[in-house]
Amino acid sequence: MCRRGKVLFSWGLAIITVAAAPLVAYSQYDDPLDPFNFLRENEGDPPGQEDDSNKSAQELYAEGIGLLQADQPLDGRTKLLRALAKDPSFYPAHSQLAFYYITQVGHYRLALKYVKWAQELFEQQKGLPPYNDRAEQMDHAQIIYLLSQARLNLDDYSGALAALDEYEKYGYFAPWYPGTRSWILMKLGRLDEAIEVARLGVITRSDPGRTLNMLGILLSMSGEPTKSLQVFREAIQYEVSLGEMGQPATPLNNSGEVYKESFEDSRAAESWQRAKSLHDGCEHVLPSLNLALLRVDHLDLQGAQSSMNSFLACFAKFTLRNDEEHRALVHLMRGRVALLSGFPTLAIPQLQRALDNIQWFGKIGTSEGDLRAGTTVSLARAFDVYINDLATRKSTSWAVWFATRRELITARIRSWWLKRRARQILAEELKNFEDLRIRHTDSLLEYPTLGEALTGFPTSTLKRRIEIEKKSDARSAALPFYTLYLAENHLARGSDDSALALINETLANIRRQGDELLWLHATALKAKLLPESSTDRDQLILDLFAKHPPACRIYRLSLPVTVQASDASLAKAIQGTLLRPVAAGASPYVLGRETLSAQEGPKGGGKDGAEEDTIELTLMGPDGMKRGTGKSIEEAINALLDAVFTLGVGEEVKRV
Amino acid sequence: MTGTQVFLNNIDADLDPLPLATSNRLPRLTLVLAVMSRATVLILLLSFVHTILTLGTPISAIAIGVIMAVVVGANLSLSKLAGRGFISITLALAGLIFGAIALIARAPFPSEQNSLFGFVLAEHLWMMAACSFAALISTFAAGRSRTYAIAEVVGILLFLLTTLAPHRGFHLDQPKFINLLAWNWSVDPLVALLVIGTLIATFSLWSLYLNTTLVLNRTSLRFTTQLSTRNFFVALGLVLTFFGVIYAASWQLYGVYSQRAATVVANGVGAAAAEGDSPLGFESALGGTSQPAGIVRLENEYPQNPFSPMLYLREQALSTIDGFELKVAAGGFDTDVPNTKVGQSFVREPDKSLDPRHQLTASVFLVGKQSVPFAVDFPISITPLRPPDRRFTGAYRAISVAPTYQLKDLVGIPVGNPEWTADQWRHYLEPHHDPRYMDKAISLTQEVPDPVGKAGAIVAYLSNESTYTLTPMHEKKPGEDPVAPYLFGDLRGYCVHFAHATVFMLRALGIPARIGTGYLTDMSQAKDGHMLLRMSDRHAWAEVYIRGKGWVPFDTQPQKVESHADTKVDQEVLEELMGLLGPGEEILPETTAKDEPGLIERPDLSAWLNTALVPTLALLLLIFTLTKGWLWYAWYFVRKPRQRLRWSYLALVARLTDLGLRRLPGETRNEYGHRLQLALAGSDRSLSLVPSLLCTIYGDALVVPEDSISASRQDDLRLLKALPLWRRLLAFLSPSSLFSFLTGELA
């Protein structure tokens, strides 16, 4: 084409474009088949809406990154999506979205999709690796990193390791690498390799906080608590040195876990308290959860409850944060507190909700199986206590009696089934019952009472498993737990003598402070073994009741009481309940009855509208008086049982 | 008498019907079907139990044991083994097996890492053995006792009934697995429920039929006649028709009640209403279901949300008092609500009378039936979008000018809009005729001078004193005020009562008010700005017009809660839906996700149905037609006279069988031929083909002339002309001859 032709052509094109532009702009864009219609902001935008139509994908991408960094995630995400709408083959936007979904949202499937797409586009555009250009190398390394992270979070450990192998193969290195690799190796059970990698990371000062944390965890897992604590101390110092950017709560929490495993309860509690008080620990569930679990072992139910409540209060400040990760844990703790407070009916729905909401909650070593096992065992135990509660109540009518029988059957079946499932999870999902190690940091089992669930193991099998565990567990404080598990197993099989000997051994070796729940459990089992109405048994029950009133309901042990004025009908009425009449002077607890006239008692109308008299039962003891009132003696007894064998802390669960 | 006739008579004598006791033979196909259907029912039942309880053992392993047990049980039930003998053998076997399992559980495994391997194995074996023994015993019992067979089906139905019971009261999304199936099938939960219910009922009756016929067959040959292929298909047809009728009737029934159901299951806030109507229901609501209604994606930040973490999404406004309730006003009022439909575009200028606001863009992807778009506060633009996936029923992008005020700053600001006409003022201030509302309002607000403060005082009173219940059960006659029993009665109710009471009292005080309806969602349960809306998020709230701020929600949130529909958002569903949005999802080719365990999608049943079922059905139809044609006309292609004779006879009998004139059990060919001649032609002779055929079968190398075969065939086919043409044509569609051929009954 000649020069004049070119000029004419250019002018013609320009005129046509100028003439057509208003027409195009004026026309309503409404293509129902355009998949990216909703991302287009150029046409049909209302007045004032930001116009991204003239921006390139690169510009939108840069804006998106800026917004993400400026803590405006939704704006940033929208910009990145617009960048993709503009240029679907723009792999940095895919890669950045993958990063966003991994780090900010936790939607790993979506992240994996974006990163796979980014990888494919990258290889289409740049060819297959290796790459010589520095920028290409960096992009490629970032994609592989994201791939490994997405796979890791989707529990595809082999895939994640394969990605890291590829990363290493091309000579890439980044500070996160040793920590992540050691984590994956740990998940694959290659502990020694993991420690080696983490140590190398520490030496090379690669992401020191994270790598030190990882090393500490690994050392703790390999049975080296002293070295582990030393590493955590370094990690804490490092994080503190970062000032507001640092996250010292994580190593503090981890060191608390190591202390707990070493049975140094006060130091563990101190670590968690400190972690909770820090800016990065208050809204994180782990320190509070660990503290609550420890306090339950100490039978400090109020403390356990307040630990979780303070966490929830702190978390509530973050109105837009999702509570799904810790939901199961909160329900689990509430359920356990309600159960140990003598409220099985409150505990069961809480534990059931925990079981329904189970998911990984972000703790490196803990799997869903750990949480499921802990919750299932507790729920089975809650049903056992529910059975005890139902079986020791007075039926107020035939209908209630029948309903109770039906409930008892259902609860027994459910308890049996849950224990069976729990054993299956422990033995199969949790790799040959790795959680048997007492106070295992990854476990959420209630160790003092775990023996109940283990009664289903054949004695020889359990004994052998415990012997294997004992070989690698030199902690003297752990031994009473193992002994008690065996005792309970013997007890379930009718070998009472062996069981009694083992329980006595447990009680002799138990720590006076720190193992309150274990003591309670062992003492209750011993009381069950002793002949009914024997003085020793009565004394044990009185001790248990004095220590923890709900123990009688939990273990179905009848409290010896003296009936005031030798009221024979009252003594007869309480038979079969958790109150057992004994001779005067044999018990410090005195049961009395009083009939209140309509004016004195609680208001209530009879069928004909007339006020009815109420019966009030009182139990006077060294700690004061408890009352139970009702229209009939059965109602009054049930009310008194609820008043005597529960703790107020459990009722808080009802209110939340 | 010719030699041939003597020969034939001898053959007839030999082939007389066998005594009943020795001819007690079950049709093999029936037996196979019975065993297969029983095993299928049991495995389905176990899978069902597995989804609820988690058996802990792979269902495939259990299924193998169950299939074997059903086969053995069915065979034993047909054997001469007495019941006592069976019980003894079973108990002994169970003792042996469970004893062996107990030993395995105790077995010491040398590796410390696998010291519990024996226990783990034993647990699985135990579960397999327990299920297999249950299947064995029940199959034996079902084969021997009709009472048991019936009781078993009734028991299974009762179990299913109990399990499906949460569906009662229009809780269409319950139980949860129905909801999941509906998701997978991309259908309404109601459809899934009806399909499953019909399948269960059909399958149960089918199983009952087969099991009881097995029992009866064993004891009486007479019943065998009722097991004919014709009867089998007639019965099946009847059953299918019966359930088709049930399905259609229930569909119709739900259709009639769908409007009521929509209101009742959505906290009393039904689907958008037309002008002069109301979507709200005062009858006791049954709570909202967790059935997803849609997903809202915020495209930009909204930190200034005055109601954070809650977000109000308005769908309609009710401002006309009609009797005792508020209804959708005619055009000219409530212009801030876009009166458009989903799928329609809508653009308007922002309201200049409002203070500066935040421009908020939200993309809405609808899952349920939603005809009217909803948006945050004052939408200025609604643009239809293409649903990104077939699961979405519609999508649109709404741009709103969202409020940024602080609630505490509203006190002291005048209410109403000075630009309103007198008509508009009258409209939004039109009071309830009952003076008690004014008395109540004055008593609650007499110490508060400011209108916004008064509104706050009323809401505070209702929030403190009311009890949230979905079943207020107010006693009122038709035509009576439904709000009065709540406000002047027990103060028990739900959002519909609260909103009406608030608006009536506010208007009585001269404060312009109306009701907003739509969704109220909790942003703290959102993920990446994505909020899952459920039917339980349907809501109605009172609104007051505040100068410069627009319509501001004044929502009663009672402290006392008796029953509530509040449930946590199902994060799995939210994530699943999120994964369907966005360009990265849409353009990712399947090959990219290949071999990536984290990206294995759940099987898409409906896609499979589309791609596999239709071709499969077409193939089956083709095979049927070809086989049938071959059965009727194969003689034409056969050249050898003996074979040609045989196939001619087969073709004739096949046509007769398809016409329902099959050979009865124990009937000889001659008797069959006589019966047919008598019935169709009135003559006493047999079929023309029969003598030659019998000679061929039982005689020595008898040569049959080709002409004779053709003539005989023609002669016999003439018989069929006694039947109407339509019947002869329809006979081709009947599969009876195929089944008879397969079971060897045709010859």
Next item on the list: Using the six-membered ring wherever Trp is involved, compare the ring planes of A:Y114 and A:Y101 and label them parallel, tilted or perpendicular (cut-offs 30° and 60°).
Entry: parallel
Notebook entry, point to check: For A:F457, is it the side chain, the backbone, both or neither that has a heavy atom under 4.5 Å from a heavy atom of chain B?
Noted result: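 The answer is both parts of A:F457.
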Next item on the list: Can you tell which part of A:Q72 gets under 4.5 Å to a heavy atom of chain B, answering side chain, backbone, both or neither?
Entry: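 When you check distances to chain B, atoms from both the backbone and side chain of A:Q72 fall under 4.5 Å.
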Check: In terms of side-chain geometry, is the basic nitrogen of A:R77 or B:E299 positioned less than 4.0 Å from the acidic oxygen of its partner?
Finding: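 Looking at A:R77 and B:E299, the cut-off is met.
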Check: Between A:R423 and A:E428, is there a side-chain N and carboxylate O pair less than 4.0 Å apart?
Finding: no
I need the residue from [options] with the largest number of non-hydrogen atom pairs under 4.5 Å to chain A.
options	value
B:N114, B:V401, B:T57	B:N114
B:A105, B:A122, B:A395	B:A105
B:Y396, B:F117, B:W126, B:Y302	B:W126

Check: Are the side chain of B:E301 and the backbone of A:L74 linked by a donor-acceptor contact shorter than 3.5 Å?
Finding: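 Yes, because the side chain of B:E301 sits within donor-acceptor range (under 3.5 Å) of the backbone of A:L74.
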Notebook entry, point to check: Hey, is the main chain of B:A402 close enough, under 3.5 Å, to the side chain of B:D377 for a donor-acceptor pair?
Noted result: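 Not at all, since once roles are kept as given, no pair shorter than 3.5 Å links the two residues.
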Item checked: Pair B:S115, A:N432: side-chain N/O donor-acceptor within cut-off below 3.5 Å -> yes
Item checked: Residue among A:K471, A:R421, A:R465 with most heavy-atom pairs under 4.5 Å to chain B ->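 Greatest number of close heavy-atom pairs with chain B: A:R421.
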Next item on the list: Under 4.5 Å heavy-atom distance to chain A, tell me which part of B:A102 shows up: side chain, backbone, both or neither.
Entry: neither
